[in-house]
Novice: 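Supplied in structure tokens, the structure appears directly below.
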Amino acid sequence: MAAVKLPDGKELPIEPGDRARDVAERIGPRLARDAVVAKLNGKLEDLETPVRDGEVFEVVTKDSPEGLYVLRHSTAHAMAQAILELYPGSKLTIGPPIDNGFYYDVEVAGRITDDDLPRIEERMREISDRDLPIRMEEVSKAEARELYRDNPYKLELVEDLEDGDITVYRQGDFFDLCRGPHIPSTGRLGAFKLQNIAGAYWRGDEKNTMLTRIYGTAWPTEKELKAYLRRMEEARARDHRKVGKDLRLFTFSPDVGGGIPLFLPKGEMLRHLMEGYVREVQTRHGYEHVWTGNVVNESLYAKSGHLEHYIDSMYPPMVDGDTRYRLKPMNCPSHMTLFNSAAHSYRDLPVRYAEFATLYRYEKSGELNGLTRVRSLTQDDAHVFCTQNQVQEEFARALEIVREVLDTYGFAEYRVQLSMRDPDDTKYITDDAKWSRAEKELREALDRAGIAYDEEAGEAAFYGPKADFMAKDVLGREWQLSTIQVDFLQPERLGCEYVGEDGQMHTPVLLHRAVTGSTERFMGVVIEHFAGAFPLWLSPIQAVVIPVADRHLEYARKVQAELADVGLRVDVDDSPSSMQKKIRENARQKIPYLLIVGDDEAGEESVNVRRRGDKKQEAMKTGEFAERALGEVAVKAV
RNA sequence: GCCCGGGUAGCUCAGAGGUAGAGCAGCCGCCUUGUAAGCGGCCGGUCGGGGGUUCGAUUCCCUUCCCGGGCUCCA
């Protein structure tokens, strides 16, 4: 008798003509009710799909990641149907599920604004109430062309598909070119909310039409939707732009220019601490720090290839007679110039130059985003000149630095992306042999270090592949932080060489790497990571002394001086507010320690310590507090 | 750069075709405080800039700058 295999290994007999839904029903009516799609031999299929003898059968519910994905995809379809009903003549393009939700790109007949979203949502609920069966239908390429004769976008998609492999999903009058799978009917949609509208180019190319993209989120239940919306709310509260303003770390001003962050005293202290830490780690790992200025003769960038490949990101030139200068967008040519200032033997290598360099990149105005995308950035950049044989070791060393630093900040949530070139893209310097070699070196080094990574074509720098460490901000946007890049091309262009053991001239390999990426972006991510409650070693102000009454001010200043003497950053709150108000204000400023001093403390050289996030108090000698705090700083406790 | 939305006091926000309001902050007093807002008073804005419509615009229209969400590109 025919049967399917269940995930627990059991066999379940099937009847001829059984569909996935029938099997689910047989396993249990409750399961059948929760079923979204089925997994047949590991492949997601509609519940309408016929099952075959010997297949491995698994029910996928809304609660599983795959089920959620399907649910969101089907919600996108419902939204598309609602839009077509409300804006007849609109043309659908693509509408995939994404993390937490979905979007659909539409060429809208008319215009949709944020105010229209509730109306579309309302219509989606109506479509859900209609409980329309969702059915897959195979069509030929010719039929698909006919269905979409008025939709150039879908036609373009159809042309990329193989005849015999084209499916359309229908629910009521609505149909969409789609490979599925989908939930069985619109009545099975969960809780959803349309979030925002954005423009998106067809196929992501700015030469194409701008479509209207509508983002939504979808969850199995109302409760989960609410929980998600609450999470987003909380995330916005730790947005580094908000926290940076509240804690008075940095600001922006149109008087200075977009994308140029201005750091207030506390923000600059934070920068200083972050950079000092990386400097210490780099020094320990044998890097030497250099400084190469802000302005560079353009001809250097002509030689390096930047002028050709990077010009869109450079500020326009400053012209001085026949000489054109550029604000420095990258350090590599400057560091290679440093390298070339002396003759090198293989015995000197590797040479490791590090620099906290302020770079200027002319980002498009729409790209600017708080500290995570700016026009003036401070890169903790370094260039390692080494021999072919040293590449692996130097890569491993760079990796070690990156991991040590990320670890210190308590960052565990990052992804490593191996950014390769797209061989068909002309933005890359061409030298196939060298590219392949660099890509091979990178892969091997990551494998050797046991680091998992994804490969991404078309994301490489123009001169070589890179391993990028990507972190997400609180709003789920991904940013590149650390990067390690292998470059076989630029040293040759700039004439870098060393005398080898064989007495011959050789071109060194160049490793580019940045640990935190840029101080600004990293700070943005750090702020969000800690929600502004920085660990003690990183806090611009580590403690505030709060006198109970004005007559304790003198003692408060004495405590401050004593702590400052041992290297702690301490303020006295001498504002005219009440003691409780000072506690409130300083707690809101996320000061790690509040030291309350009154008659009791003044009498016995002590402080009453209130730790951030902790209402309970602890009295101790001032010296003991100093000792504890210094200990906490020394180990960079997070 | 492009699509959508938004700029009202230092900050958070309300309001409306008849030239603006709250809280906090600031300033001045009083209070001298024991663990998250003591009390009172005062100051504060050509409602982002420019142009238009109107008897009258901060409100409606156009334009420009800036900010936010995306797209593309990147640290």
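In what follows, chains are A, B, ... by sequence order, proteins preceding strands, each numbered from 1. The analysis underlying the following values was restricted to heavy atoms, covering all of them including side chains, and did not include hydrogens, waters or symmetry mates.
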Novice: What's Q195(A) touching, base or sugar-phosphate or nothing? Going by heavy atoms closer than 4.0 Å.
Specialist: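 Counting heavy atoms under 4.0 Å across all strands, no contact is made by Q195(A).
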
Novice: Taking only the side-chain heavy atoms of V548(A) (C-beta and beyond), determine which of rG34(B), rA36(B), rC71(B) contains the nearest atom.
Specialist: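 So the side chain of V548(A) is nearest to rG34(B).
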
Novice: Is a salt bridge present between D614(A) and R610(A), judged by a nitrogen-to-oxygen distance below 4.0 Å?
Specialist: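 Looking at R610(A) together with D614(A), the answer is no, because their closest N to O distance does not fall below 4.0 Å.
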
Novice: Does Y201(A) contact rG70(B) through a side-chain donor or acceptor facing the base, at a distance under 3.5 Å?
Specialist: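 When only heavy-atom distances are counted, Y201(A) does not reach the base of rG70(B) through any donor-acceptor pair under 3.5 Å.
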
Novice: In whole Å, I'd like the distance from the NZ atom of K581(A) to the C1' atom of rC31(B).
Specialist: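 So the NZ-C1' distance, K581(A) to rC31(B), works out to 14 Å.
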
Novice: Check whether any side-chain heavy atom of E355(A) sits under 4.5 Å from a side-chain heavy atom of T292(A), and report yes or no.
Specialist: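 Of all side-chain heavy-atom pairs linking T292(A) with E355(A), at least one is under 4.5 Å.
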
Novice: Give the rounded distance in Å between these two atoms: CD1 of I583(A) and P of rA36(B).
Specialist: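 My rounded result for the distance is 6 Å.
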
Novice: Just to be sure I understand the rule, does G366(A) reach a base, reach only the sugar-phosphate, or reach nothing, if contact means heavy atoms closer than 4.0 Å?
Specialist: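 Base, at least one base atom sits under 4.0 Å.
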
Novice: For L211(A) and rG69(B), what is the distance between atoms CG and P respectively, to the nearest whole Å?
Specialist: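 These atoms are roughly 21 Å apart.
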
Novice: Kindly point out which of rG34(B), rC71(B), rA75(B) is positioned nearest to the side chain of R213(A)?
Specialist: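 Nearest listed nucleotide: rC71(B).
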
Novice: Between P on rA36(B) and CZ on R612(A), what's the gap in Å once rounded to a whole number?
Specialist: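 About 17 Å, once rounded to whole Å.
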
Novice: Starting the side chain at C-beta, find the nucleotide from rU33(B), rU35(B), rA75(B) nearest to V374(A).
Specialist: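 Nearest nucleotide to the side chain: rA75(B).
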
Novice: The side chain of R361(A) is closest to which nucleotide in this list: rU32(B), rC74(B), rA36(B)?
Specialist: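 Given the options rU32(B), rC74(B), rA36(B), the side chain of R361(A) is closest to rC74(B).
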
Novice: Between S365(A) and rG1(B), is there a contact of a side-chain N or O with OP1 or OP2 at under 4.0 Å?
Specialist: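 Result: yes.
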
Novice: Does the base of rA36(B) carry an N or O that pairs as donor and acceptor with the side chain of R610(A) under 3.5 Å?
Specialist: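 Answer is yes: a donor-acceptor pair is held.
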
Novice: By the 4.0 Å heavy-atom rule, please label K616(A) as base, sugar-phosphate, or nothing.
Specialist: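 Result for K616(A) = nothing.
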
Novice: Can you tell whether the side chains of R326(A) and E298(A) come within less than 4.0 Å, N to carboxylate O?
Specialist: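 Here R326(A) pairs with E298(A) in a salt bridge, since their nearest N and O are under 4.0 Å apart.
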
Novice: Given that both distances must come in under 3.5 Å, which nucleotide forms a Watson-Crick or G-U wobble pair with rG45(B)?
Specialist: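 When the pairing criteria are applied, nothing turns out to pair with rG45(B), so the answer is none.
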
Novice: Does the rU32(B) base have a donor-acceptor partner in the side chain of D550(A) within less than 3.5 Å?
Specialist: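 By the distance-only test, yes, there is a pair.
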
Novice: At less than 4.0 Å, is any side-chain N or O atom of R551(A) found next to OP1 or OP2 of rU33(B)? Yes or no.
Specialist: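 The answer is yes; a side-chain N or O of R551(A) sits under 4.0 Å from OP1 or OP2.
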
Novice: Counting side-chain heavy atoms from CB outward, which of rG69(B), rC4(B), rA25(B) is closest to D114(A)?
Specialist: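 The answer is rC4(B).
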
Novice: Using whole Å, what does the distance between atom P of nucleotide rA25(B) and atom NZ of K582(A) come to?
Specialist: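 K582(A) atom NZ is separated from rA25(B) atom P by 14 Å.
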
Novice: Looking across every strand, which nucleic acid part, if any, lies under 4.0 Å from D599(A) by heavy atom: base, sugar-phosphate, or nothing?
Specialist: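 If one applies the 4.0 Å heavy-atom cut-off, D599(A) turns out to touch a base.
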
Novice: With a 3.5 angstrom cut-off on both distances, give the Watson-Crick or G-U wobble partner of rA16(B), or none if there isn't one.
Specialist: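 rA16(B) is paired with nothing.
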
Novice: The test is side chain to side chain donor-acceptor pair (under 3.5 Å); show your working for S313(A) and E363(A) and say whether it passes.
Specialist: CA-CA 6 Å; S313(A) 297; E363(A) 302 291 348; 5.3 Å; no

Novice: Salt bridge or not for R373(A) and E520(A), using N-O below 4.0 Å?
Specialist: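 Not counted as a salt bridge, because no side-chain N and carboxylate O are separated by less than 4.0 Å.
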
Novice: Under 4.0 Å, heavy atoms only, any strand: does A587(A) hit a base, just the sugar-phosphate, or nothing?
Specialist: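 Answer is base: heavy atoms of A587(A) come under 4.0 Å of a base.
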
Novice: Tell me whether the NZ or CZ atom of R72(A) lies within the 45° cone about the ring axis of W219(A) and under 6.0 Å from its centre.
Specialist: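 Verdict for W219(A): a cation-pi partner in R72(A).
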
Novice: Give none if rC30(B) has no partner; otherwise give the nucleotide forming a Watson-Crick or G-U wobble pair with it, both distances under 3.5 Å.
Specialist: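 For rC30(B), the partner nucleotide comes out as rG38(B), under the 3.5 Å rule.
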
Novice: Below 30° counts as parallel, above 60° as perpendicular, anything between as tilted: where do the rings of H512(A) and Y463(A) land?
Specialist: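 Answer is parallel, since the angle falls under 30°.
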
Novice: On the side chain of R373(A), is there an atom forming a donor-acceptor pair with the base of rC73(B) - under 3.5 Å, no angle test?
Specialist: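 Side chain to base: pair found, below 3.5 Å.
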
Novice: Please name the nucleotide paired to rC2(B) by Watson-Crick or G-U wobble geometry with both distances under 3.5 Å, or report none.
Specialist: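 Across any shown strand, rC2(B) pairs with rG70(B).
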
Novice: Counting the atoms with a prime plus P, OP1 and OP2 as sugar-phosphate, which does Q379(A) contact under 4.0 Å by heavy atoms, base, sugar-phosphate, or nothing?
Specialist: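 If one applies the 4.0 Å heavy-atom cut-off, Q379(A) turns out to touch the sugar-phosphate alone, with no base involved.
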
Novice: Treating K558(A) as the side-chain partner and L553(A) as the backbone partner, does any N or O pair qualify as donor plus acceptor under 3.5 Å?
Specialist: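 Such a contact is absent between K558(A) side chain and L553(A) backbone.
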
Novice: Determine whether any donor atom in the side chain of E367(A) lies under 3.5 Å from an acceptor atom in the base of rC71(B), or the reverse, and answer yes or no.
Specialist: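 Flag set: donor-acceptor pair detected.
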
Novice: Return the value, rounded to whole Å, for the distance between atom CG of N331(A) and atom C1' of rA75(B).
Specialist: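 Nearest whole value for this atom pair: 12 Å.
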
Novice: Could you please name the option among rA75(B), rC4(B), rG70(B) that lies closest to any side-chain atom of Y215(A)?
Specialist: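 Ranking rA75(B), rC4(B), rG70(B) by closest atom to the Y215(A) side chain puts rG70(B) first.
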
Novice: By nearest heavy atom, map S313(A) and Q617(A) onto RNA chain B; which one lands nearer the 5' end?
Specialist: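 Final value for this comparison: Q617(A).
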
Novice: Taking only the side-chain heavy atoms of R111(A) (C-beta and beyond), determine which of rU35(B), rU12(B), rC4(B) contains the nearest atom.
Specialist: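 Taking heavy atoms from C-beta onward, the closest nucleotide is rC4(B).
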
Novice: Base of rA75(B), side chain of Q485(A) - is there a donor-acceptor contact under 3.5 Å?
Specialist: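 A donor-acceptor contact between them is absent.
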
Novice: Would you mind telling me which residue lines up with the more 5' stretch of RNA chain B, S518(A) or R588(A), judged by nearest nucleotide?
Specialist: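 Mapping each residue to its closest nucleotide by heavy atoms, the 5'-most match is R588(A).
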
Novice: With heavy atoms under 4.0 Å as the rule, sort E478(A) into base, sugar-phosphate or nothing.
Specialist: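 The answer is nothing, as E478(A) stays clear of every strand by at least 4.0 Å.
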
Novice: Rounding to an integer number of Å, can you tell me how far I214(A) CD1 sits from rG70(B) C1'?
Specialist: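 Roughly 13 Å, once rounded to whole Å.
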
Novice: Among the candidates rA75(B), rG38(B), rA36(B), find the nucleotide nearest to the side-chain atoms of S578(A).
Specialist: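 For the S578(A) side chain, the nearest candidate turns out to be rG38(B).
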
Novice: Please give, in whole Å, the distance from rG1(B) P to Y362(A) OH?
Specialist: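 Distance, rounded to whole Å: 6 Å.
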
Novice: Are OP1 or OP2 of rG69(B) and a side-chain N or O of R241(A) less than 4.0 angstrom apart?
Specialist: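 Answer is yes, contact under 4.0 Å.
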
Novice: State whether K466(A) places a side-chain N or O below 4.0 Å from either non-bridging phosphate oxygen (OP1 or OP2) of rC74(B).
Specialist: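 Looking at the OP1 and OP2 atoms of rC74(B), neither is under 4.0 Å from any side-chain N or O of K466(A).
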
Novice: Go through rC71(B), rC4(B), rG69(B) for me and flag the one nearest to the N369(A) side chain.
Specialist: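 Given the options rC71(B), rC4(B), rG69(B), the side chain of N369(A) is closest to rG69(B).
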
Novice: Is the Y409(A)-F530(A) ring centre distance short of 6.0 angstrom?
Specialist: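 That pair fails the under 6.0 Å test.
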
Novice: Among the candidates rA36(B), rG1(B), rA75(B), find the nucleotide nearest to the side-chain atoms of K364(A).
Specialist: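 The nucleotide sitting nearest to the side chain is rG1(B).
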
Novice: Which nucleotide, in any strand shown, forms a Watson-Crick or G-U wobble pair with rA9(B), with both distances under 3.5 Å?
Specialist: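 WC or wobble partner does not exist here.
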
Novice: Which part of the nucleic acid, if any, lies within contact of D600(A), taking any heavy atom under 4.0 Å across all strands shown: a base, the sugar-phosphate backbone alone, or nothing?
Specialist: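 Base contact - D600(A) has a heavy atom under 4.0 Å of at least one base atom.
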
